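Scroll down for the structure; my scribbles are underneath it.
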Amino acid sequence: MAQSDIRYLTPINIEIKKDKYCRFKKSGIKYIDYKNPDFLLKFINEQGKILPRRVTGTSQKFQKKVNKAVKRARHLAILPYVADLMK
Amino acid sequence: MNRYETVFILTPVLSEEQAKEAVKVYEDYITKNGGKIKHNEFWGLKKLAYQIQKKSTGFYNLVEFENDGTLIKKLEVEFKRDERIMRFLTVRMEKDHVAFAEKTRNAAKAEA
């Protein structure tokens, strides 16, 4: 948040409109590998659930690839189905 | 000729050599039945994210091979029959997947 020099009584929380972008389109990643867990960890929350698109901002095409990769990793016990306070 | 990638997990009860032998058995099975092995990776003993058959570690192995598709059913029956194998996953590789695999392999080779 910009350090405004005027001090308000209650800090006004201006909602900074961060425009979400699909990180795959931007970085040009074509294929999401289901075998390396550290990359997939970015797309699941602490309980091991897959993060929704509205949070990560990925496009539908790549969200489906992420889902498929995460589910394959779970099948191969690379990622847990249910986890508590993972990462 | 499609390109396939199979990852399978062997029980940790086996020793390192026995695990390697089991992998060898499946390599020969693939080559004998019309598959051409492109790449073989033995990841060794790794911790599983959850217990499979009451075990929490397992020998992972990845085999990448080419085949027209008839071998897959037979190979999976073999996997099911063999009790050393705890879990397996066969994936048909798309164009991007093949490119990705090639790139990572060359990068690894360049490093080594």
Side-chain angles (χ1 to χ4, degrees), chain A residues 18-87, chain B residues 2-12 19 23 38-64 72 76 79-80 84-108 111:
Chain A
K18 181 165 68 62
D19 52 349
K20 286 197 265 261
Y21 59 89
C22 172
R23 65 207 305 264
F24 297 103
K25 259 189 237 154
K26 189 175 272 263
S27 55
I29 300 177
K30 282 271 190 322
Y31 169 72
I32 301 163
D33 195 18
Y34 62 91
K35 297 190 287 296
N36 82 29
D38 356 335
F39 183 66
L40 292 178
L41 281 180
K42 298 193 184 81
F43 301 101
I44 56 176
N45 66 4
E46 299 80 38
Q47 286 147 8
K49 294 178 178 178
I50 300 172
L51 289 172
R53 274 177 59 203
R54 55 183 162 78
V55 172
T56 54
T58 56
S59 61
Q60 179 173 18
K61 180 177 156 182
F62 286 103
Q63 179 73 8
K64 281 185 183 162
K65 287 183 173 162
V66 167
N67 292 347
K68 196 177 271 285
V70 167
K71 284 169 187 168
R72 281 182 180 159
R74 284 177 179 162
H75 176 71
L76 279 178
I78 294 171
L79 284 181
Y81 281 92
V82 177
D84 41 9
L85 226 43
M86 216 176 54
K87 284 191 229 160
Chain B
N2 308 328
R3 181 81 72 95
Y4 292 95
E5 184 184 59
T6 309
V7 182
F8 54 89
I9 310 175
L10 297 156
T11 62
V23 167
K38 285 281 172 198
H39 179 63
N40 191 348
E41 254 174 57
F42 185 69
W43 296 346
L45 199 65
K46 276 182 78 169
K47 210 177 157 337
L48 303 178
Y50 52 86
Q51 290 213 338
I52 300 177
Q53 296 168 4
K54 303 290 183 300
K55 300 191 177 53
S56 53
T57 56
F59 289 103
Y60 278 75
N61 182 277
L62 171 114
V63 182
E64 206 181 306
I72 303 303
E76 301 218 323
F79 281 144
K80 285 201 186 85
R84 289 173 301 189
I85 300 241
M86 285 196 294
R87 192 153 292 187
F88 59 89
L89 177 72
T90 310
V91 164
R92 192 168 84 84
M93 296 172 77
E94 306 297 333
K95 190 166 43 58
D96 303 329
H97 189 170
V98 175
F100 176 82
E102 302 278 344
K103 196 161 58 70
T104 37
R105 214 179 304 144
N106 302 344
E111 252 161 55

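Because the structure is predicted, anything quoted here is derived from the model rather than measured. Letters go in sequence order (proteins before strands), and every chain restarts at 1.
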Nearest heavy-atom approach of A:Leu76 to B:Ile9 is O-CD1, 3.6 Å
Just list the donor-acceptor pairs under 3.5 angstrom between chain A and chain B, please.
{"residue": "A:Tyr31", "atom": "OH", "partner": "B:His97", "partner atom": "ND1", "Å": "3.4"}
{"residue": "A:Tyr31", "atom": "OH", "partner": "B:His97", "partner atom": "NE2", "Å": "3.2"}
{"residue": "A:Tyr34", "atom": "OH", "partner": "B:Glu5", "partner atom": "OE1", "Å": "2.9"}
{"residue": "A:Lys35", "atom": "NZ", "partner": "B:Glu5", "partner atom": "OE1", "Å": "3.3"}
{"residue": "A:Lys35", "atom": "NZ", "partner": "B:Glu5", "partner atom": "OE2", "Å": "3.0"}
{"residue": "A:Arg74", "atom": "O", "partner": "B:Tyr50", "partner atom": "OH", "Å": "2.6"}
{"residue": "A:His75", "atom": "O", "partner": "B:Tyr50", "partner atom": "OH", "Å": "3.3"}
{"residue": "A:His75", "atom": "O", "partner": "B:Arg87", "partner atom": "NH1", "Å": "3.0"}
{"residue": "A:His75", "atom": "NE2", "partner": "B:Phe88", "partner atom": "O", "Å": "3.3"}
{"residue": "A:Leu76", "atom": "O", "partner": "B:Tyr60", "partner atom": "OH", "Å": "2.7"}
{"residue": "A:Ala77", "atom": "O", "partner": "B:Ala49", "partner atom": "N", "Å": "2.9"}
{"residue": "A:Ala77", "atom": "O", "partner": "B:Tyr60", "partner atom": "OH", "Å": "3.4"}

Residue from B:Leu62, B:Ile52, B:Val91 scoring the most non-hydrogen pairs under 4.5 Å with chain A is B:Val91
Side chain / backbone / both / neither for B:Leu48 at chain A, heavy atoms under 4.5 Å:
both
With sequence neighbours excluded, what pairs up with A:Phe39 under the ring-ring contact (aromatic ring centres under 6.0 Å, His included) test?
A:Phe43
If you look at every heavy atom in B:Ala49 and A:Pro80, which pair is closest and at what distance?
CB-N, 3.4 Å
